[in-house]
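Reviewing the structure listed below.
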There are 2 protein chains.
Amino acid sequence: MLSGMDTKMYTVKQLADLAGVTPRTLRHYDQIGLLKPAKVSPNGYRHYDEQDVLRLQQILFFRELGFELDKIKAALQQPGFDLLSALQVHRLRLQERQLHTQRLIRTVDATIMHLIGEVLMSEKKLFEGFSEEKQQAHEAQAIENWGDGARETIKLWNSYSREKQAEIMAEGGRIYQEIANHIDTEPASSQVQANLAQWHQHLRNFYEPTFDMLRGLGDMYNEHPDFNATFTAIHPGLPAFLQQAINHYVDTLETEWLQRELGILKE
Amino acid sequence: MLSGMDTKMYTVKQLADLAGVTPRTLRHYDQIGLLKPAKVSPNGYRHYDEQDVLRLQQILFFRELGFELDKIKAALQQPGFDLLSALQVHRLRLQERQLHTQRLIRTVDATIMHLIGEVLMSEKKLFEGFSEEKQQAHEAQAIENWGDGARETIKLWNSYSREKQAEIMAEGGRIYQEIANHIDTEPASSQVQANLAQWHQHLRNFYEPTFDMLRGLGDMYNEHPDFNATFTAIHPGLPAFLQQAINHYVDTLETEWLQRELGILKE
DNA sequence: CATACGCTATGACGTAGCGTCAATGTCAAG
DNA sequence: CTTGACATTGACGCTACGTCATAGCGTATG
């Protein structure tokens with residue numbers, strides 16, 4: 001019974017600092033039975049030993065992986081816990097989350113482009129012959145509606161001369177009309193793809209779009225009622241056609257970009 | 001005052017069904033002031049009009065994008081809300097989440113490989129000359145420790161003949177030794193890369209690893225104390241060298257795979 | 001020795017966005 | 001009048017703690 005008690009013990013704060021968590025976390029783990037201190041003094045103080053430290057490290061490891069505390073508890077206390085399967089299932093969940101987030105990003109991108117479109121639409125109305133004052137008032141209102149985030153776009157737009165503005169607005173409609181004229185060809189036809197290259201350049205007058213933004217635009221042209229109506233007015237089959245053609249265009253663009261990247265990597 | 005009140009009104013359930021949410025959600029949105037019904041009957045019943053329907057659709061759209069309800073509230077009620085900036089910020093958050101999840105997947109992959117390694121380690125000990133009974137007992141214990149998920153790996157392992165098992169185990173050490181012998185060359189040297197191709201094949205005896213799993217193994221060999229110690233014992237510089245070499249190996253592999261994929265796409 | 005300071009303890013509420021009872025009232029149909 | 005579907009308002013539950021509030025304990029200092 002006189003065996004040396006030279007094992008180090010830690011108070012809550014010591015262990016907390018050691019592991020990079022707060023004392024509250026340790027109390028919580030105690031409460032839910034995830035990590036009980038090796039010993040509790042008569043005064044109620046918790047004391048953790050080396051084994052507890054190891055267990056805490058394991059807990060924190062699984063926590064980092066995104067496991068819920070009760071899963072961790074199960075994994076650490078039941079020896080028959082199917083850890084490998086749990087990890088594989090977890091991996092699948094993470095992958096799904098990846099895909100979900102990917103879709104969200106696309107939708108956000110499309111929404112950004114949509115808003116910019118609306119800002120410019122209101123600008124377009126304004127632009128139909130008004131005084132400088134009115135223009136500034138309108139700009140103020142656009143910022144009211146869309147926030148400072150729109151200011152950059154508006155600024156860029158206002159940096160163009162009146163002639164260039166007119167030219168750009170006209171070009172928008174022209175491109176879509178042009179594509180509609182070739183709607184009996186394949187969406188991947190060189191004619192249509194050339195038009196889309198122009199469309200891409202056209203968009204850059206307002207905003208530098210990412211690949212996902214372009215794809216998002218294609219989806220939105222087809223699926224969003226407002227846009228769909230606009231393009232259907234030009235030609236009934238245009239929305240679906242546009243979506244396919246844009247997807248092809250962006251795929252090609254991305255493939256080329258990838259190959260350039262790979263080429264650089266290989267050197 | 002006799003103007004026709006022909007606007008359609010919806011009860012909670014009707015609107016809920018229409019929008020694909022539960023009545024509870026609508027009550028919640030009412031509580032937090034996000035969507036107040038156009039009218040409340042004397043009996044306390046909520047009645048929504050067409051405008052409410054539109055507003056709800058906007059709410060649900062932003063909710064899908066992952067916005068918090070109070071942000072949505074702000075965006076919909078304050079005209080000066082900087083929607084465009086909010087979307088851009090949100091996009092950044094989503095991208096960060098993408099990266100984070102990507103790292104998690106890698107770590108999970110590495111952990112899976114780690115576990116399989118441990119299962120086989122225990123198998124290896126067993127394998128040092130014991131009876132069939134003991135082997136089966138040991139297998140049972142491995143399943144106790146690692147769960148049914150390990151059974152597949154063990155099964156696969158047991159499907160090999162004793163001679164092949166011995167050969168495989170020996171090969172593991174041999175490959176690492178071989179790599180250590182070339183540690184004075186570049187990690188990208190053809191010698192080392194050839195060894196890693198063997199290593200890759202070797203791993204396939206147990207499990208078909210993904211690219212991320214291989215990379216994760218490389219990280220773990222270097223960063224995880226157990227593995228690091230094992231490889232340091234072979235050669236002090238081996239862990240870091242291995243990690244670099246493995247990264248190069250997987251990069252090359254992935255590049256080649258991508259190019260094949262792109263080649264197929266281009267046809 | 002009183003005091004101050006730092007650490008400890010135990011509640012208990014707050015978070016986000018509803019799900020899920022529970023108890024009760026209302027309305028149209030049979 | 002009864003039944004059943006729908007309405008209402010609480011109120012607790014969930015995740016993993018953060019953040020008080022209140023009070024006891026331990027040690028160094030004046």
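- Contact of the A/Leu99 side chain with the A/Glu96 side chain is not registered, since no non-hydrogen atoms from C-beta on lie closer than 4.5 Å.
- Between A/Arg97 and B/Gln98 the shortest side-chain heavy-atom distance does not fall below 4.5 Å.
- Within residues 48-61 of chain A, no residue has a heavy atom under 4.0 Å from DNA chain C.
- Mapping B/Tyr45 and A/Tyr45 onto DNA chain D by nearest heavy atom places B/Tyr45 at the nucleotide closer to the 5' end.
- Using a 4.0 Å cut-off between charged side-chain N and carboxylate O, A/Glu254 and A/Arg215 make a salt bridge.
- Nucleotides of DNA chain C that come within less than 4.0 Å of any heavy atom of chain B span, from the 5' end to the 3' end, C/dG17 to C/dC27.
- Counting only distance, with no hydrogens or angles, the side chain of A/Thr210 and the backbone of A/Met213 share a donor-acceptor pair below 3.5 Å.
- Scanning all heavy atoms of the two residues, the minimum distance from A/Gly66 to A/Arg93 falls at O-NH2, 4.4 Å.
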- Steps toward side chain to side chain contact (heavy atoms under 4.5 Å, CB included) verdict (A/His47, A/Tyr10): CA-CA 5 Å; A/His47 300 280; A/Tyr10 302 85; over 6 Å; no

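- Mapping heavy-atom proximity under 4.0 Å, the span of DNA chain D touched by chain A runs 5' to 3' from D/dA16 to D/dG26.
- To the nearest 0.5 angstrom, A/Leu214 atom CG is 4.5 Å from A/Trp199 atom CH2.
- Between the CZ atom in B/Phe211 and the CZ atom in B/Arg106 there is a gap of 12.0 Å [rounded to 0.5 Å].
- Under the rule for a salt bridge (charged side-chain N to carboxylate O under 4.0 Å, His left out), A/Arg27 has no partner lying at least two apart in sequence or in another chain.
- Using a 4.5 Å heavy-atom threshold, the side chains of B/Leu15 and B/Leu18 count as touching.
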- Item | Full working for side chain to side chain contact (heavy atoms under 4.5 Å, CB included) between A/Val21 and A/Leu60 | CA-CA 9 Å; A/Val21 299; A/Leu60 295 181; 4.0 Å; yes

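- Using a 4.5 Å heavy-atom threshold, the side chains of A/Leu69 and A/Phe62 count as separate.
- Residues from residues 12-29 of chain B with heavy atoms under 4.0 angstrom of DNA chain D, sorted by number: B/Val12, B/Lys13, B/Arg24, B/Arg27.
- Looking only at side-chain heavy atoms (C-beta outward), B/Asn228 and B/Glu223 stay at 4.5 Å or farther from each other.
- In this structure, CZ on A/Arg46 lies 4.5 Å from CG on A/Asp30, to the nearest 0.5 angstrom.
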- Query: So what's the dot-bracket for DNA chain D: Watson-Crick or G-U pairs under 3.5 Å, [ ] if a pair crosses, | if it pairs off-strand?
  - Reply: ||||||||||||||||||||||||||||||

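- Proximity of A/Gln102 to A/Asp212: side-chain heavy atoms (C-beta onward) are separated by under 4.5 Å at one or more points.
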